[in-house]
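Here is the structure we will look at, set down as structure tokens.
No hydrogens, no waters, no symmetry mates; every other heavy atom, side chains included, goes into these values. Proteins come first, then strands; the chains are lettered A, B, ... in the order of their sequence lines, and each starts at number 1.
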There are 2 protein chains.
Amino acid sequence: MTPARPKPDALHEAQDRFVATWGQMGSAWGISRTMAEVHALLFISGDALCTDDVMDRLQISRGSASMSLRALLDWGVINRTHKRGDRKEYFAAEQDVWTMFRAIVRERMKREVDPLLASLFEIRDMTGGLGAVGADHNARLDALLLFFEVVQTFGHRFISPAGEGLQAAADILNKADAP
Amino acid sequence: MTPARPKPDALHEAQDRFVATWGQMGSAWGISRTMAEVHALLFISGDALCTDDVMDRLQISRGSASMSLRALLDWGVINRTHKRGDRKEYFAAEQDVWTMFRAIVRERMKREVDPLLASLFEIRDMTGGLGAVGADHNARLDALLLFFEVVQTFGHRFISPAGEGLQAAADILNKADAP
DNA sequence: TGGTTGTTTCAGGAATGATTGAAAGAGAGA
DNA sequence: TCTCTCTTTCAATCATTCCTGAAACAACCA
């Protein structure tokens, strides 16, 4: 067995399983497995960890750890911290789940929904000149556009500053739960 | 230039761009590019196409076309049809955008959210015996569980039979739009 | 400034996931 | 039953994406 046990085995194993689970979830949704695992580790440990901690725990290279951490910072789901008398950088995951998902939704909207809508508008314009030939085509595009505009509206509401976003979502769900 | 032009160039090009756009979108969300492209083609053309039509238009192999079509059937976003006096199978995309997304949400819930919740519960149980050591860990898991239960509730409402699902979502969004 | 510690970058290699194409399967009609 | 047409399967190949590791970079301190 392992001679040194800094943590109870059960906790350590539970963390590992959480990391694996969250990693799988990530890849199903288009996020690289490692990046999701790094996030999972920071979230579930609750501590601020340094690059070497992450490397050791997940058995990944320095480069990979650095890139994942950078990407997570860009997404706004982790933060840099420092420890007094230590030059290393430490990273801690946002612990509020709603705040975390607001950040995720904000980024995905910016990276995917907004460009998608822009493209759909452009594509629609390509057949503006056509008469009846393009009518059905345009009708289909319009239906899709309408749907994604609704998605965008809803998304904006979800991510809008603190109270509103969370409250709006919670209210909707509470109302929806009642009947 | 191409000698035969069964369709106006503009329409053809618009379709191609839509296919490419939808394909990109797919890969960002964990769906294989080709499968998303096949779906895009069926959706934007509005016709029922056979395997060869899809192969020719997207320049993919028979095997790839067959597998993509099968997967799209499993997702419930396209349907088989037949033409009188023709043994070939034709495929047509669901044209109602809300129905289409209800199918997508239903499948993703079943494939990803449900198993995720099951895993999170299991992981939580792994540290049930631990005292104070595991308390923070469990609190974090609980917060995540709560969030995904909300997601699940909301998702179920969205996909619930015809009227309700669509209506509920539309209502919520209309209300949210007002102020 | 030189030495030390820590971080980022990126070309190349490894792993993962997707596609092909040919062969087997399935069904219809004669 | 045989033949013809269309569909599905799957091992081998290909493409893409991800990770590694070492070198360059940056920041701090004496």
Figure out the [atom1]/[atom2] separation between [X] and [N], and round it to whole Å.
X: Leu58(A); N: dC18(D); atom1: CG; atom2: C1'; answer: 15 Å
X: Gln59(A); N: dT20(D); atom1: CD; atom2: C1'; answer: 14 Å
X: Ile60(A); N: dT8(C); atom1: CD1; atom2: P; answer: 13 Å
X: Glu89(A); N: dT5(C); atom1: CD; atom2: C1'; answer: 12 Å
X: Arg70(B); N: dT7(D); atom1: CZ; atom2: C1'; answer: 10 Å
X: Trp29(B); N: dG17(C); atom1: CH2; atom2: P; answer: 20 Å
X: Leu69(A); N: dG6(C); atom1: CG; atom2: P; answer: 16 Å
X: Ile31(B); N: dA18(C); atom1: CD1; atom2: C1'; answer: 15 Å

His156(B) and Met109(B), any side-chain heavy atoms less than 4.5 Å apart: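 When only atoms from C-beta onward are counted, His156(B) and Met109(B) do touch, with a gap below 4.5 Å.
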Whichever of Ser64(B) and Met35(A) has its nearest DNA chain D nucleotide further upstream toward 5':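 Upstream on the strand: Ser64(B).
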Comparing Asp52(B) and Met67(B) on DNA chain D - which has the more 5′ nearest nucleotide: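 Its nearest nucleotide lies further toward 5', so the answer is Asp52(B).
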SB check Arg33(A) Glu37(A) (cutoff 4.0 Å):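 Yes, charged N to carboxylate O under 4.0 Å.
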Lys/Arg-Asp/Glu bridge criterion (N-O < 4.0 Å) met for Asp16(B), Arg57(B):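 The answer is yes: the pair qualifies as a salt bridge.
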Distance-only donor-acceptor test (3.5 Å): side chain Arg33(B), base dA18(C):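 Looking at the base of dA18(C), it does not pair with any donor or acceptor on the side chain of Arg33(B) (distance under 3.5 Å).
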Arg106(A) charged N/C atom sitting above Trp75(A) aromatic ring, 6.0 Å / 45°: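 Judged by the rule, Arg106(A) and Trp75(A) form no cation-pi pair.
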Phosphate OP1/OP2 of dG21(C): any Ser61(B) side-chain N/O under 4.0 Å: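 Checking Ser61(B) against dG21(C): no side-chain N or O falls below 4.0 Å of OP1 or OP2.
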Phosphate OP1/OP2 of dT7(C): any Ser66(A) side-chain N/O under 4.0 Å: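 No, Ser66(A) has no side-chain N/O under 4.0 Å of OP1/OP2 on dT7(C).
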Given dT5(C), dG27(C), dT20(D), the nucleotide with the shortest approach to the side chain of Arg87(B):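 Closest nucleotide among those given: dG27(C).
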Nucleotide of dG6(C), dC10(D), dT7(D) approaching Arg62(B) most closely (side-chain heavy atoms):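 Output: dT7(D).
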Sugar-phosphate, base or nothing in reach of Ser32(B), heavy atoms under 4.0 Å: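 Contact class for Ser32(B): sugar-phosphate only.
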Phe101(B)-Phe148(A) aromatic ring centre distance below 6.0 Å: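 Yes: the rings meet the under 6.0 Å criterion.
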5′-ward residue of the pair Gly63(A)/Lys88(A) relative to DNA chain C: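 Going by which nucleotide is closer to the 5' end, it is Lys88(A).
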